[in-house]
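Let me begin by presenting the structure, written as structure tokens, before commenting on it.
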Protein chains: 2
Amino acid sequence: MADKVTIADVARHAKVSRQTVSNVLNSPEVVREETRLRVQEAVQALGYRVSQAARQMRTGRSMLIASRIEPAQDDGINGFVFDRYLHGLTESAARAGYRVLLYTADDHDAELATFDDLLGVHEPDAFVLTSTDYGDPRTTRLLELGIPFVTFGRPWGVPPERRYPWVDVDGAAGTALATRYLLDAGHRRIGFLGWPGGSGVGDDRRAGWARALADAGAGPAEIAELDHRTDDGVPQGEAAAHALIDAGRPATALVCVSDSLALGALQAGRRIPVIGFDDTPVARAVGLTSVRQPITEVAASCVSILVRLLDGDARGRGAAGREREQNVGGRQDAGSGGSASPLREAPPEQVLHQPTLVRRQSA
Amino acid sequence: MADKVTIADVARHAKVSRQTVSNVLNSPEVVREETRLRVQEAVQALGYRVSQAARQMRTGRSMLIASRIEPAQDDGINGFVFDRYLHGLTESAARAGYRVLLYTADDHDAELATFDDLLGVHEPDAFVLTSTDYGDPRTTRLLELGIPFVTFGRPWGVPPERRYPWVDVDGAAGTALATRYLLDAGHRRIGFLGWPGGSGVGDDRRAGWARALADAGAGPAEIAELDHRTDDGVPQGEAAAHALIDAGRPATALVCVSDSLALGALQAGRRIPVIGFDDTPVARAVGLTSVRQPITEVAASCVSILVRLLDGDARGRGAAGREREQNVGGRQDAGSGGSASPLREAPPEQVLHQPTLVRRQSA
DNA sequence: TAGTCCGTGTTGAACGATCAAATGCTCGAA
DNA sequence: TTCGAGCATTTGATCGTTCAACACGGACTA
């Protein structure tokens with residue numbers, strides 16, 4: 001139907017110049033109202049759409065946000081959360097005029113290589129990273145390159161002066177919520193099935209449970225007694241539950257760091273209340289009460305942070321090399337030094353969302 | 001580090017013209033070996049990468065494959081399969097030099113609108129569609145537009161003369177496999193928990209079970225008696241299982257159209273063998289034997305079909321309007337009419353993959 | 001010997017948009 | 001009357017790549 005319509009076609013149809021059409025699209029305020037309407041009419045009539053390729057060539061902006069899609073893990077738990085996240089990201093990005101570009105990488109090194117590849121070829125405007133861990137090389141690299149990015153997950157163990165924007169869910173608040181719910185139901189000895197220490201996310205979730213117990217008057221010794229650590233997985237959850245329930249002074253209810261462990265605890269057979277984490281399909285399927293992360297909101301926050309960064313950076317990427325390198329330096333200094341630069345960059349944003357408790361039969 | 005390196009920089013460094021560099025990259029056979037090596041060295045030395053935007057402008061190819069990401073369904077079953085699929089697609093596409101661009105849409109109409117939007121702005125080279133249903137408007141539209149695409153899912157109920165490329169998994173073979181497995185274990189009365197008629201996928205899976213039973217000597221009446229239909233969901237599965245097990249002549253084993261229904265059947269409490277479909281995390285978690293679709297292979301087939309289409313179509317998109325419309329006509333005729341066109345297009349490819357049975361405790 | 005072709009490489013133009021600078025115009029102040 | 005300021009719009013150049021046409025030397029054909 002529609003042949004390729006260019007900005008020149010629109011200009012001819014509206015009897016103005018190319019540039020005026022461009023202005024109507026990009027900075028309508030400089031165009032007289034009458035002219036603007038005439039041009040908009042022509043755009044409608046011809047079904048004109050900007051060619052992203054041509055625009056990118058001139059402006060250096062691709063309107064693409066790159067995100068890694070994680071290997072579909074066999075436990076499928078993380079996979080589900082990630083799936084929802086990606087969906088939310090795509091939707092929010094679309095609303096802001098951006099699209100999500102996927103890539104994969106098996107490990108951090110491969111991912112660094114992919115950065116170069118993507119930046120050279122498709123030139124995404126920004127990256128979104130997930131599951132950041134201690135001393136993550138990816139954030140360092142992106143900071144060096146001066147590419148805007150945001151992570152889903154706090155920068156565990158990163159020195160505070162090297163700040164970058166992140167969005168996360170308050171895991172401690174989630175487990176605290178679950179624990180208080182069980183306390184209110186009259187339970188005093190509430191066990192925690194968690195991962196081994198050293199995982200930022202896992203330690204955070206354990207801390208929320210411990211804090212809630214302490215607030216309720218439990219002593220450190222009792223808390224340590226109720227704290228059980230194991231790798232993730234259903235059989236591990238079952239074994240751990242047995243250990244806590246069959247102890248000398250047994251736990252009467254369980255808070256778990258993941259739905260996998262919680263499912264194992266349920267299968268242990270004792271009919272004590274169990275609460276999981278992530279509200280996965282497994283939880284819904286077996287009637288497991290679980291802490292739900294507001295993933296859609298997380299994705300929306302990521303996009304809105306990026307959009308703000310990119311708008312501030314509007315002329316950055318397309319500019320000449322010299323200008324760009326200054327830009328990089330400026331970005332890093334803004335964090336560590338704090339010297340007043342001409343155009344003052346807003347500090348990196350951090351957003352922490354609150355989880356909720358989805359109540360089902362298990363508790 | 002690296003400022004923007006252009007093809008002209010490489011040309012200068014290798015002391016040749018721009019075009020020669022371009023030739024080394026795109027049709028190395030026309031360049032003398034000595035020159036080629038010199039240019040490749042320069043490319044390495046300068047860290048040159050083609051600018052996709054500039055290339056796209058000239059050639060009309062974006063090296064992007066658009067795929068819709070489905071809303072994260074609350075049952076999470078389909079979500080998991082889709083997640084694995086998307087991962088495989090991204091990986092296979094990357095190997096072929098393509099990237100996956102995501103979009104969302106709430107319904108078919110919205111998706112059609114998104115087609116226009118994407119095609120106008122980012123101009124993906126091809127689309128990948130999933131969960132096609134009866135009389136799907138999307139395939140029709142893409143055929144009209146002449147945009148290459150492939151679907152994961154057979155064209156249920158589409159007249160055979162309007163063919164297009166698809167990749168699918170042989171669901172009937174999967175349920176037949178499961179049924180024969182139970183027959184071999186000595187069971188004669190094997191029930192089927194399926195979806196209501198009218199779903200292509202569901203009917204197909206039921207047919208495989210029925211065929212296996214018939215092959216084992218069961219009569220039509222007995223098969224009808226063992227066939228139970230219900231909407232998807234865990235509670236529905238539990239109820240349906242009760243109905244089949246508590247019948248006058250009870251089923252002694254169950255084959256299910258989905259893991260959700262199978263999980264419900266397991267929860268019905270009778271300890272009879274149950275086999276699910278899709279090998280989701282739920283199945284792994286509860287030890288459910290399930291039919292596994294080779295999703296990675298499906299994704300790889302999709303990409304290889306698309307690549308073949310796009311290579312045949314190499315100069316298509318960038319060409320003038322007239323030429324393009326002829327192209328569209330040619331494509332449609334190739335299916336229905338069969339007139340010999342100058343450059344003979346290969347017929348659309350169809351690939352049917354075979355599923356496997358993952359054995360666990362439940363059967 | 002002239003003509004043609006092949007292999008190799010070069011040059012100018014084009015893709016469609018935006019940027020930077022120039023233009024025409026009106027208006028009010030010197 | 002002239003000049004400058006301010007606004008709305010236009011013009012020319014440019015982004016990085018590939019296409020189309022052509023140049024050049026040598027070998028092969030007529």
Side-chain angles (χ1 to χ4, degrees), chain A residues 2-12 14-39 43 46 48-63 119-123 314-321 323-324, chain B residues 2-12 14-39 43 46-63 120-123 314-321 323-324:
Chain A
D3 277 349
K4 175 127 281 175
V5 177
T6 79
I7 206 172
D9 297 327
V10 177
R12 214 167 309 138
K15 303 201 196 310
V16 293
S17 67
R18 304 177 318 252
Q19 184 60 33
T20 299
V21 177
S22 174
N23 284 337
V24 169
L25 270 57
N26 299 309
S27 32
E29 70 279 3
V30 307
V31 180
R32 193 160 31 126
E33 164 128 8
E34 181 198 321
T35 320
R36 204 187 66 227
L37 291 176
R38 190 151 39 95
V39 170
V43 167
L46 301 180
Y48 167 80
R49 288 178 192 285
V50 294
S51 155
Q52 183 51 42
R55 167 178 285 177
Q56 179 179 349
M57 230 181 132
R58 198 71 186 111
T59 64
R61 308 228 2 216
S62 63
M63 305 307 278
L119 288 171
V121 178
H122 286 281
E123 306 177 58
R315 333 179 328 94
R317 296 286 302 286
E323 191 176 335
R324 177 161 164 199
Chain B
D3 277 349
K4 176 126 278 175
V5 176
T6 80
I7 205 172
D9 297 327
V10 177
R12 215 167 309 138
K15 303 201 196 308
V16 293
S17 67
R18 301 176 320 247
Q19 184 59 33
T20 298
V21 177
S22 175
N23 285 336
V24 169
L25 269 57
N26 300 310
S27 30
E29 69 279 4
V30 307
V31 180
R32 194 163 26 130
E33 165 127 7
E34 180 200 322
T35 320
R36 205 186 66 227
L37 291 176
R38 189 151 39 95
V39 170
V43 166
L46 301 180
Y48 167 79
R49 288 176 192 284
V50 294
S51 155
Q52 182 51 42
R55 166 178 285 177
Q56 180 179 349
M57 225 177 138
R58 197 71 182 104
T59 65
R61 309 228 3 217
S62 63
M63 305 306 277
V121 178
H122 287 282
E123 306 176 59
R315 335 179 329 94
R317 296 285 302 286
E323 191 178 332
R324 178 163 164 196

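What you see is a predicted model; the values in this text were computed from it and never measured. The chains referred to below are lettered A, B, ... by the order of the sequence lines, with proteins before strands, and numbering in each begins at 1.
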Just to verify, what does [X] make a salt bridge (Lys or Arg N to Asp or Glu O under 4.0 Å) with, not counting sequence neighbours?
{"X": "R36(B)", "result": "none"}
{"X": "E34(A)", "result": "R32(A)"}
{"X": "R38(A)", "result": "none"}

If the cut-off is 4.0 Å, is [X] near the phosphate of [N], judged by side-chain N/O to OP1 or OP2?
{"X": "T20(B)", "N": "dT8(C)", "result": "no"}
{"X": "R55(B)", "N": "dT18(D)", "result": "yes"}
{"X": "T6(B)", "N": "dG16(D)", "result": "no"}

message: Checking D9(B) now: which residues fulfil side-chain contact (heavy atoms from CB on, under 4.5 Å) with it, not counting sequence neighbours?
response: V5(B), T6(B), R12(B), L46(B)
query: Taking only residues two or more places apart in sequence or in another chain, which ones pass side-chain hydrogen bond (donor to acceptor under 3.5 Å, both in side chains) with S51(A)?
result: none
task: Could you list the residues that satisfy side-chain hydrogen bond (donor to acceptor under 3.5 Å, both in side chains) with T35(A), not counting sequence neighbours?
output: none
- prompt: Over how many whole Å does the gap from R12(B) atom CZ to dG9(C) atom P extend?
  reply: 19 Å
- request: Measure across E123(A) and Q56(A) and return the closest heavy-atom pair with its distance rounded to 0.1 Å.
  value: CB-NE2, 3.6 Å
field: R18(B) side-chain proximity, nearest of dG16(D), dT9(D), dT11(C)
entry: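 It is dT11(C).
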- request: Consider the side chain of S51(A), meaning its heavy atoms from C-beta on, and name the nucleotide among dT10(C), dA17(C), dC19(C) that approaches it most closely.
  value: dA17(C)
Members of residues 22-36 of chain A that approach DNA chain C, where some heavy atom sits under 4.0 Å away: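 Under 4.0 Å from DNA chain C: S22(A), N26(A).
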- prompt: According to the salt bridge (Lys or Arg N to Asp or Glu O under 4.0 Å) rule, which pairs have a member within residues 15-29 of chain B, sequence neighbours left out?
  reply: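 Those involving residues 15-29 of chain B do not exist here.
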Distances for protein N/O vs nucleotides 23-28 of chain C N/O pairs under 3.5 angstrom?
none

Rounded (10°) bend between the five-pair end axes of the helix from dT1(C)-dA30(D) to dA30(C)-dT1(D): 70°
